[in-house]
Amino acid sequence: MSFWNPIEKVNEWLRGIVQEAANLGFDLISDYMLTPTDFDKIQYASQAQAWIQHLSLIAGALFLVFNLLKHQVGQGGGFSRRSTPEIVIKSVCAAIFTTFSSWIIPDFLLPLNNYYVEYLADVGIETKTINKMITKPELGAAFIIIIFGVFAVLLLITGIQMILRFSEIGMLIIFAPLAAITMQNEEMNMFPVWWRESIATVFQQGFQLTILWLILNLFGSGNDAKDYLFAIGGMVVLITSPRFMRGFLYSSGAGSAVVNAAGGVSKAAIYRYSMKKMMNK
């Protein structure tokens with residue numbers, strides 16, 4: 001004669017809820033992390049970007065007028081640090097860069113990220129290895145439920161992060177021309193921030209996927225409770241890794257080379273212009 005055990009039924013019910021939550025997290029990760037990022041399926045993105053590009057060119061003309069007026073006022077007061085040729089040439093360079101800025105993420109940064117994601121996929125990321133944890137008899141049922149509960153929550157958070165990343169990349173692509181046109185300004189230059197955010201957001205997928213690969217291997221080969229606790233710690237690192245990437249980029253000044261290179265082009269043009277004026281004299 002068997003007796004009805006309420007504790008066992010509760011454990012079974014909780015195990016089912018946690019397993020469904022983990023499966024949902026895996027589905028989100030499979031769609032947004034294990035698959036290369038592709039924006040060709042998004043409708044109206046290119047149309048919105050075309051609108052922003054036209055507005056950016058108009059804003060560039062307004063910035064040119066503003067910078068020239070500011071230069072004239074500063075020159076009259078004796079505190080202007082820029083020359084008229086520098087302002088004009090930087091404005092022209094910014095306008096040219098604005099025209100090509102829409103290709104930076106889709107045709108340069110994303111292909112690099114997607115190549116690494118495809119490489120990890122070829123190496124092998126088996127998301128079902130977490131299910132092996134259930135078959136380990138040396139771990140208690142209560143411990144399994146607790147570990148799975150924490151892991152499922154962290155997994156869902158990671159999936160939501162990937163959805164947010166997808167939306168953020170879309171916004172970065174659309175507003176790339178507006179950030180590029182501000183390169184001609186001294187105070188209102190948004191391009192360095194846009195560039196760092198683009199690097200951090202695009203390569204967030206590859207960075208987090210590497211951590212997830214290590215975690216899943218640890219879960220699949222874990223033999224005791226300590227291995228699983230380390231894996232939970234790894235999930236926390238995975239979730240906080242985007243903040244770490246941004247902190248590194250902003251503190252190290254990464255991305256400034258592109259801005260300096262763009263400024264170098266305008267400085268070289270100004271130098272040639274000045275030498276030509278001197279030779280004509």
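Only heavy atoms go into these numbers, but all of them, side chains included; no hydrogens, no water, no symmetry mates.
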Next on the checklist: Rounded at 0.5 Å granularity, tell me how far CD1 in Ile199 sits from CG in Leu109.
Outcome noted: 6.5 Å
Checklist entry - Linking I/L/V/M/F/W/Y whenever their side-chain heavy atoms sit closer than 4.5 Å, directly or via other members, would Ile174 and Trp51 fall into one cluster? => result no
Item to check | Heavy-atom check, side chain of Ile181 versus side chain of Pro177, under 4.5 Å | outcome: no
Checklist entry - Does one side chain, of Ser241 or Gln204, offer a donor that lies under 3.5 Å from an acceptor on the other? => result no
Checklist entry - Quick check: does any side chain N or O of Thr35 sit under 3.5 Å from a backbone N or O of Tyr32, one acting as donor and the other as acceptor? => result no
Item to check | Value rounded to 0.5 Å, distance of OG1 in Thr201 from CE in Met171 | outcome: 12.5 Å
Next on the checklist: Tell me whether Phe207 shares a hydrophobic cluster with Phe108, the cluster being built from Ile, Leu, Val, Met, Phe, Trp, Tyr side chains joined at under 4.5 Å.
Outcome noted: yes
Next on the checklist: Can you classify the ring geometry of Trp195 versus Phe191 as parallel (below 30°), tilted (30 to 60°) or perpendicular (above 60°)?
Outcome noted: parallel
Checklist entry - Using the benzene-type ring in the case of Trp, are the ring centres of Phe203 and Tyr116 under 6.0 Å apart? => result no
Next on the checklist: With a 4.5 Å cut-off on side-chain heavy atoms, are Met235 and Val150 touching?
Outcome noted: no
Next on the checklist: I'd like to check Leu24 versus Leu156 (side-chain heavy atoms, cut-off strictly below 4.5 Å). Are they in contact?
Outcome noted: yes
Item to check | Within-4.5 Å side-chain heavy-atom neighbours: Ser198 and Ile104 | outcome: no
Next on the checklist: Using 0.5 Å steps for rounding, measure from the CG atom of Leu212 to the OG1 atom of Thr158.
Outcome noted: 7.5 Å
Next on the checklist: On a heavy-atom basis, which atom in Leu64 and which in Gln184 lie closest, and how many Å separate them?
Outcome noted: N-OE1, 3.6 Å
Checklist entry - Are Ile58 and Phe63 linked, directly or through other ILVMFWY residues, by side chains that come within less than 4.5 angstrom of each other? => result no
Next on the checklist: Looking at every heavy atom in both Ser102 and Thr99, which two are closest together, and how far apart are they?
Outcome noted: OG-O, 4.1 Å
Checklist entry - If every non-hydrogen atom of Pro111 is compared with every non-hydrogen atom of Ile105, which pair is closest and at what distance? => result CD-O, 3.9 Å
Checklist entry - Does Asn189 offer a backbone N or O that forms a donor-acceptor pair with the side chain of Thr182 under 3.5 Å? => result no
Checklist entry - Thinking salt bridges, do Arg165 and Glu197 make one under a 4.0 Å N-O criterion? => result no
Next on the checklist: How close do Met33 and Leu209 get, counting heavy atoms only, and between which atoms?
Outcome noted: CG-CD1, 3.6 Å
Next on the checklist: If you apply the rule side chain to side chain donor-acceptor pair (under 3.5 Å), what do you find for Thr98 with Gln53, and how did you get there?
Outcome noted: CA-CA 7 Å; Thr98 299; Gln53 191 166 28; over 6 Å; no
Item to check | Pro36 side chain reached by Glu118 side chain, heavy atoms, under 4.5 Å | outcome: yes
Checklist entry - Looking only at atom types and distance, does a side-chain atom of Trp194 sit under 3.5 Å from a main-chain N or O of Leu172, one as donor and one as acceptor? => result yes
Checklist entry - CE of Met245 to CZ of Arg196: how many Å apart, nearest 0.5 Å? => result 13.5 Å
Item to check | CA sep, side-chain torsions, deciding dist, call: Leu69, Phe66, side chain to side chain contact (heavy atoms under 4.5 Å, CB included) | outcome: CA-CA 5 Å; Leu69 290 175; Phe66 171 78; 5.9 Å; no
Next on the checklist: Could you check whether any side-chain heavy atom of Pro242 comes within less than 4.5 Å of a side-chain heavy atom of Gln208, counting everything from C-beta outward?
Outcome noted: yes
Checklist entry - So do Arg243 and Phe248 actually touch side chain to side chain, heavy atoms under 4.5 Å? => result no
Item to check | Working for side chain to side chain contact (heavy atoms under 4.5 Å, CB included), residues Gln72 and Thr84 | outcome: CA-CA 9 Å; Gln72 293 298 324; Thr84 301; 4.3 Å; yes
Item to check | Interatomic distance, Leu110 atom CG to Gln205 atom CD [nearest 0.5 angstrom] | outcome: 8.5 Å
Checklist entry - How about Ile96 and Phe100: do any of their side-chain heavy atoms sit closer than 4.5 Å? => result yes
Checklist outcome for this item: Taken to the nearest 0.5 Å, the spacing of Leu120 CG from Leu34 CG works out to 9.5 Å
Next on the checklist: In this structure, would Leu214 and Ile157 fall into the same cluster of hydrophobic residues linked by side-chain contacts under 4.5 Å?
Outcome noted: yes
Next on the checklist: Is there a path of hydrophobic side-chain contacts, each under 4.5 Å between heavy atoms, that joins Met162 and Trp213?
Outcome noted: yes
